[in-house]
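In what follows, a single structure is set out as structure tokens and then discussed.
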Amino acid sequence: MRVRPRPLRVLQVNNQMNNQELIAEANAGRELAYAPYSRFKVGAALLCKDGRVFRGCNVENAAYGLCNCAERTAFFSAIAHGCKPGDFAKLAVTGDTAEPISPCGACRQVIFEMGGADLPVILTNLKNDVMEVTAGWLLPHGFGNSDLDMK
């Protein structure tokens with residue numbers, strides 16, 4: 001009998017979660033990654049201001065353009081559960097990299113728009129190297145809804 005991994009889950013936690021606890025959640029998300037082609041697993045954990053945590057993992061597809069990164073999976077899951085842009089307190093991202101992992105450009109855009117320029121982002125790796133930045137640092141002069149003519 002084939003055992004299926006548990007789906008990404010919403011965890012109820014204290015919104016005072018420390019960085020190491022959030023990194024542990026990102027590592028748990030990484031274990032759920034579906035990366036049969038690259039074998040490069042990435043995990044993310046998104047802490048909401050109300051204390052919920054949404055895990056994300058990368059999901060690959062043989063049609064490479066259909067892949068989704070861990071960071072976007074976490075944000076999209078949170079949005080699907082009723083969160084709105086601005087509801088987020090902190091994001092942690094982890095992967096098996098020499099230095100703390102760096103989000104791709106598409107993820108930087110989603111992090112910036114959903115979390116705002118001041119959202120704390122914890123970048124780490126499996127060696128526990130940690131770099132703390134903000135969404136605005138990751139995407140300086142980012143493009144957001146204020147740049148659109150929203151009349």
Side-chain angles (χ1 to χ4, degrees), residues 1-13 19 22-48 52-150:
M1 182 164 118
R2 185 174 170 194
V3 178
R4 298 177 135 213
R6 287 180 292 165
L8 298 180
R9 60 187 189 138
V10 180
L11 306 169
Q12 291 289 2
V13 298
N19 289 356
L22 194 60
I23 289 168
E25 292 298 334
N27 282 322
R30 182 182 171 277
E31 292 303 315
L32 299 173
Y34 177 73
Y37 309 108
S38 71
R39 308 254 191 276
F40 183 70
K41 295 181 175 186
V42 179
L46 179 61
L47 175 64
C48 297
R52 290 182 290 171
V53 173
F54 293 87
R55 290 180 184 165
C57 64
N58 56 317
V59 179
E60 294 180 349
N61 191 286
Y64 293 138
L66 301 179
C67 298
N68 201 54
C69 299
E71 301 92 313
R72 287 181 283 147
T73 299
F75 274 101
F76 297 165
S77 180
I79 295 296
H81 280 87
C83 295
K84 304 286 184 227
D87 285 350
F88 310 111
K90 192 180 339 182
L91 173 70
V93 186
T94 190
D96 189 5
T97 51
E99 302 292 327
I101 198 163
S102 181
C104 75
C107 287
R108 290 174 189 229
Q109 175 62 37
V110 170
I111 293 166
F112 182 88
E113 179 154 343
M114 297 294 148
D118 296 328
L119 180 74
V121 180
I122 304 156
L123 306 174
T124 188
N125 59 17
L126 300 184
K127 299 183 295 184
N128 294 316
D129 297 326
V130 175
M131 182 177 180
E132 295 183 46
V133 298
T134 63
W137 185 90
L138 288 170
L139 190 67
H141 312 289
F143 184 83
N145 63 0
S146 64
D147 296 302
L148 299 173
D149 185 5
M150 307 280 293

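Both backbone and side-chain heavy atoms feed into the values below; hydrogens, waters and symmetry mates do not.
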Checking N125 side chain against T97 main chain: does a donor-acceptor pair fall under 3.5 Å? yes
Should N61 and N68 count as side-chain neighbours, where that means a heavy-atom distance under 4.5 Å? no
Take a 6.0 Å sphere around CG of D118 and say whether it holds more than 12 heavy atoms from other residues, nucleotides or ligands. no
Could you tell me if S102 and R108 have a donor-acceptor pair between their side chains, going purely by distance under 3.5 Å? yes
For G116 and A135 the tightest heavy-atom approach is O-CB, 3.2 Å
For the pair E71 (side chain) and C107 (backbone), establish whether a donor and an acceptor sit closer than 3.5 Å, ignoring hydrogens and angles. no
Give a yes or no on whether the backbone of F40 and the side-chain of N58 come within a donor-acceptor separation of less than 3.5 Å. yes
Passing candidate, side chain to side chain contact (heavy atoms under 4.5 Å, CB included) with F112, options L138, L119, V121, L139: L139
Minimum heavy-atom distance between Y37 and E60, given as atom pair plus value: N-OE1, 2.9 Å
Quick one: closest heavy-atom pair of C83 and C48, and the distance? SG-SG, 3.7 Å
So, applying side chain to side chain contact (heavy atoms under 4.5 Å, CB included) with L91, which one of I122, L47, L46 is it? L46
Would you give the length of the straight line joining atom CZ of F75 to atom SG of C69, rounded to the nearest 0.5 angstrom? 12.5 Å
Less than 4.5 Å apart, side chain to side chain, heavy atoms only: is that true for V130 and I23? yes
Scanning both residues in full, the closest heavy-atom pair of C57 with L32 reads SG-O, 3.6 Å
Going from CZ on R52 to OG on S77, what distance comes out if it is rounded to the nearest 0.5 angstrom? 9.5 Å
Distance col, row M114:CE vs I79:CD1, nearest 0.5 angstrom, shows 5.0 Å
When you measure from the side chain of Q109 to the backbone of F143, do you find a donor-acceptor pair of N or O atoms at a distance under 3.5 Å? yes
Looking only at heavy atoms, what is the nearest atom pair of A74 and A44, with distance? CB-CB, 4.3 Å
Residues K41 and A35: closest non-hydrogen pair is CG-CB, 4.3 Å
Kindly assign one of parallel, tilted or perpendicular to the pair F54 and H81, based on the angle between their ring planes and the thresholds 30° and 60°. tilted
Working to the nearest 0.5 angstrom, can you tell me the gap between R30 CZ and E25 CD? 15.0 Å
Main-chain N/O of P100 paired with T124 side-chain donor or acceptor, under 3.5 Å: no
